[in-house]
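Position 1 is the first residue of the sequence; numbering continues from there. What you see is a predicted model; the values in this text were computed from it and never measured.
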Amino acid sequence: MKILDRYILTTYLRTFFSVFTILMLIFVLQTIWLYIRELSGKDLDIMVVVKFLVYFMPKLIPLVLPLTILLASIMVFGSFAENYEFAAMKSTGISLQRAMSGLSVFIVILAIITFFFSNNVIPWAEYNSYNLRKNIAKLKPAMLLVKGQFNEVDAYNIKFSDKTGERGQYLKDVVIHVKGANNRENTTTIISKEGELASEKDSNVLKLILTDGYYYSDLSPKKRKDREKKPFAKTKFDTKIINIDLSELNNVDIDEKSQTDKYSMLDVSGLTESIDSLAEKAQRDYGTFAKNLHQRSNLLTTRNKPLTIQKDSLSKPKDSVYLGNLFDVFNTKQKIQLVENTARTLSSPQQIIKSKESNLKIQTEIYNRHIISLHEKFALGFACIILFFVGAPLGALIRKGGIGLPMVIAILLFLTYHFIGIFATNSAKKGGFNPVLAPWFSTLIMLPLGVFLTKRATADKGLFDFDSILDPLKKIFRIKLKNTHDYKFLNSKKNHELIDIINNYEALGHDETCRHEAYKVLTSRGNDLNDLTQNGLIINDNYKASEDLINKSYTPHAKFAISLFLIGVVLLVLHFVFKNNKLPSVATASIQLSVMSLILFVIYYLKSLKNLFSFYSLINKPRKKPHLILIIIGFPLYFISHLLFKEKVKEDLKLNYLESLK
């Protein structure tokens, strides 16, 4: 390892471990704050609390590690640029890529380690933390009685409006549901104005003293008619004492681990096996469900029954093939019976489908969660690499080290990355997004940004070149640029004078732009290029072919594409508007037309790109073709890329015209 690589690596590692430690402490404190309610009032041993934190720390790595790499990269490379260390490197011929090469190897190794960590350590931590939380929740539930909601304690569901006193022992407006012998139905209801928790702190008995209330108990008579009346007994009391035995609830083994098959507790092999079994189970369930529906439809019992057909309804009774309306074969009474039978046959499957729908949604969500968990293990390491190539060149561009500005930029970028990932993952769990793509989506969004920043930092350009952005926009919206000339005087010139300006612009004191404007005035008057060359215009032959390619092929195709794109997007938006306003037929027509428009848009978009590539090949400038990233990004944002392509083609056609003049 060379001295430079060792220096950059040691500087980065010092910053990396410092930032990692600080961020881990911050997130651990946040974890304690989030779960303080589960830990407080439980009289837990200090080792149990330490176990709780140790089990939760590995689960913080997917948040802490990407943010650490991003922030450390910005800080280190920003400090190098701020202290002119990069300038010294460049003066000796060392580029940014060479400076990043040693760290790139370290980041790749770290990404590989991260995969094994997420595949082995994080499932272990999830397995232990989940079971530990479940066991802690069983300890002393009386200390966790919350007002305004039902609190389940053994066979009692306790609810109260407020809790006062030094220990919160005084309750108001108490409602208690007591479960019956089957431990499922609530057979007794107790309502009182006030209550008091009178048990000792470490007692295994929860003593509840109720005052001024009523006791309602359901009765179960032997006769069925009496049971249909739903009788109950009502008793008023001044004071009632309830003792709830908590000895079994408090006798909890903290180290018990009964839950082992949660998707976040599995490694790659376990997830792959679970995904296969879930897919097979879903396929069997769908097959069984379809078979049940088929059997309930009575097709098996009715399909072989002969139909009684009216002979007078057939125009050609000798012909065995009847091509008319099958419904007309039956008489009116049979039609009514057929419709009623069909309605009865369909009502039962509809109810079954509705009841089965919720179960299928749950199964689909579980299946999607397993797929997401599998791909998250691979996506985390890849995210570390991408965020390094975002942070390192960004630090070199902003030329600022330390905690201030790099911290702000890193947090903004990380929040963008993190929230995109959350939205994609949540959508994928419900089936609204591809579960395979969801874990990779935020990283793929950051990939073009990393490529863009690395290119600009390598070329030693600024973070943003505002002139290159504003000038095309000014041309699009026809905003007059500074230091531009007014060529309106050309409109008063005759054709031979304009041709003279084109051929002898330097002798007449004009610039090259004036030559192009003069040509535009000539073509606007309806003059053909062949006529202009006969009248003295000197120009290369291939310009006519390039101009025809743009005007007769690219421009019409691009106009069709933008029109179809806008129609498709508008109809897509209207589809959701109509759907939300309960207009299903209009919404269906809208989405169908939208899909047709977008399909045609894709066709004309590809045609316009083909014309564009042919144009640059014709003028022998293939390097000026639109970049692949711009084409990909410009596809969903065609309303913007269309304008940019239009201005770029206009400018390149102008340059080709000027180069074609002899």
Side-chain angles (χ1 to χ4, degrees), residues 37-38 40-43 133-254 256 258-259 351-352 354-359 362:
R37 181 175 171 271
E38 297 185 17
S40 61
K42 296 288 189 175
D43 194 21
R133 282 183 61 199
K134 188 176 66 172
N135 295 332
I136 289 175
K138 298 177 183 178
L139 291 173
K140 297 186 180 180
M143 302 296 293
L144 293 178
L145 296 179
V146 181
K147 66 179 182 180
Q149 68 183 45
F150 280 102
N151 302 269
E152 185 176 356
V153 182
D154 197 16
Y156 297 84
N157 270 327
I158 305 172
K159 180 181 179 181
F160 48 90
S161 62
D162 197 8
K163 182 166 62 171
T164 58
E166 294 181 357
R167 297 182 291 108
Q169 71 271 30
Y170 299 113
L171 311 178
K172 291 184 179 181
D173 299 328
V174 182
V175 178
I176 301 176
H177 294 302
V178 185
K179 295 180 181 178
N182 58 4
N183 204 27
R184 297 174 68 180
E185 297 179 354
N186 296 323
T187 58
T188 302
T189 301
I190 304 172
I191 300 175
S192 68
K193 292 183 178 179
E194 294 181 350
E196 180 184 358
L197 295 171
S199 56
E200 297 294 332
K201 180 179 179 182
D202 298 325
S203 175
N204 284 329
V205 176
L206 176 63
K207 185 177 181 180
L208 181 59
I209 302 174
L210 303 175
T211 57
D212 191 11
Y214 292 90
Y215 187 94
Y216 301 90
S217 180
D218 293 337
L219 300 178
S220 298
K222 294 182 179 180
K223 295 182 179 180
R224 181 178 178 182
K225 291 183 178 180
D226 294 336
R227 287 199 303 269
E228 290 177 353
K229 296 179 182 179
K230 298 181 180 180
F232 65 92
K234 176 182 177 182
T235 306
K236 187 181 186 303
F237 61 84
D238 295 327
T239 303
K240 182 176 179 61
I241 300 175
I242 298 176
N243 293 312
I244 304 174
D245 185 10
L246 302 177
S247 57
E248 293 185 2
L249 294 176
N250 287 338
N251 187 20
V252 177
D253 182 10
I254 289 294
E256 179 189 0
S258 58
Q259 181 73 28
Q351 295 176 357
I352 296 173
K354 287 181 181 179
S355 62
K356 190 71 175 177
E357 186 178 4
S358 59
N359 294 331
I362 294 173

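Put simply, the side chain of T189 does not reach to within 4.5 Å of the side chain of Y214, judged on heavy atoms. The shortest side-chain heavy-atom distance between I242 and I176 falls under the 4.5 Å cut-off. Side-chain contact between L210 and T239: absent, with no pair of heavy atoms (C-beta onward) separated by less than 4.5 Å. The closest side-chain heavy-atom distance from V174 to K159 is not below 4.5 Å. Side chains of T188 and Y215 form a contact here, defined as non-hydrogen atoms less than 4.5 Å apart.
A search for side chain to side chain contact (heavy atoms under 4.5 Å, CB included) contacts involving I362 returns I366, not counting sequence neighbours.
Note that the NZ atom of K240 and the CD1 atom of I209 stand 12.5 Å from one another [nearest 0.5 Å]. With rounding to the nearest 0.5 angstrom, the CG atom of L208 is 9.5 Å from the OH atom of Y156. One finds the CD1 atom of I158 at 9.5 Å from the CD1 atom of I190 (value rounded to the nearest 0.5 Å).
Of all the heavy atoms in I191 and Y216, the pair that sits closest is CD1-CE1, 4.0 Å.
Salt-bridge check for K236 with D238: passed, with a basic side-chain N closer than 4.0 Å to an acidic carboxylate O. A salt bridge is defined here as a Lys NZ or Arg NE, NH1 or NH2 lying under 4.0 Å from an Asp or Glu carboxylate O, and D162 with K172 fails to meet this definition.
Cation-pi geometry between K163 and Y170 is not met at under 6.0 angstrom from the ring centre and within 45 degrees of the axis.
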